[in-house]
Amino acid sequence: MITTNLSFERWGEIFQDPVMTAAMTDRLTHQSYIINMNGNSYRMKETKEWLQKQQLA
């Protein structure tokens, strides 16, 4: 299982080699299930709640 918050289009920014990036995504996604999960971040929600509690103290 691999998770990321970057779309495949942006992986080239990280790996700096478009040929290698294309080959890697091709091999990773061959016969794979891709689950695109869009929604609110639980970590962000918890952080915001924690910050609000800190301001009340």
Side-chain angles (χ1 to χ4, degrees):
M1 179 183 295
I2 298 173
T3 63
T4 179
N5 61 347
L6 292 177
S7 64
F8 289 126
E9 293 82 23
R10 295 196 52 205
W11 280 27
E13 297 172 23
I14 303 301
F15 298 110
Q16 301 295 315
D17 182 346
V19 174
M20 192 258 321
T21 304
M24 183 175 48
T25 55
D26 178 61
R27 284 156 180 80
L28 285 172
T29 58
H30 180 70
Q31 295 187 0
S32 297
Y33 294 100
I34 299 173
I35 302 170
N36 189 2
M37 298 176 62
N38 293 321
N40 296 327
S41 166
Y42 287 109
R43 288 177 290 194
M44 182 64 74
K45 177 185 171 191
E46 290 174 0
T47 301
K48 287 179 180 180
E49 290 172 358
W50 179 81
L51 287 171
Q52 289 175 349
K53 288 179 185 176
Q54 297 302 310
Q55 291 176 353
L56 296 176

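Bear in mind the structure is a predicted one, so any value in this text is a computation, not a measurement. Values below: every heavy atom of this structure, side chains too, minus hydrogens, waters and symmetry copies.
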Novice: Only counting residues at least two apart or in another chain, list the ones meeting salt bridge (Lys or Arg N to Asp or Glu O under 4.0 Å) with E49.
Specialist: none
Novice: Ignoring hydrogens, what is the shortest heavy-atom contact between F15 and T21? Give both atom names and the distance.
Specialist: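 Reported closest heavy-atom pair: CB-OG1, 3.4 Å.
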Novice: My understanding is that only residues two or more places apart in sequence, or in another chain, count here; which of them pass side chain to side chain donor-acceptor pair (under 3.5 Å) with S7?
Specialist: E9
Novice: Does F8 share a hydrophobic cluster with V19, counting links as ILVMFWY side-chain heavy atoms below 4.5 Å and allowing steps through other members?
Specialist: no
Novice: Quick one: CD on Q16 to CH2 on W11, what's the gap to the nearest 0.5 Å?
Specialist: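 The distance works out to 14.5 Å.
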Novice: Within the side chain of R10, is there an N or O that forms a donor-acceptor pair under 3.5 Å with the backbone of L6?
Specialist: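 It does not hold such a pair.
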Novice: With side-chain hydrogen bond (donor to acceptor under 3.5 Å, both in side chains) as the rule and sequence neighbours excluded, what pairs involving residues 29-46 come up?
Specialist: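 Those involving residues 29-46 do not exist here.
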Novice: Hydrophobic clustering (ILVMFWY, side-chain heavy atoms < 4.5 Å, transitive) - are I34 and M37 grouped together?
Specialist: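 Each belongs to a different hydrophobic cluster.
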Novice: State yes or no: do W50 and M44 share one hydrophobic cluster built from I, L, V, M, F, W and Y residues joined by side-chain heavy-atom distances below 4.5 Å, directly or via other members?
Specialist: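 Cluster IDs for W50 and M44 differ.
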Novice: In this structure, would M20 and I2 fall into the same cluster of hydrophobic residues linked by side-chain contacts under 4.5 Å?
Specialist: yes
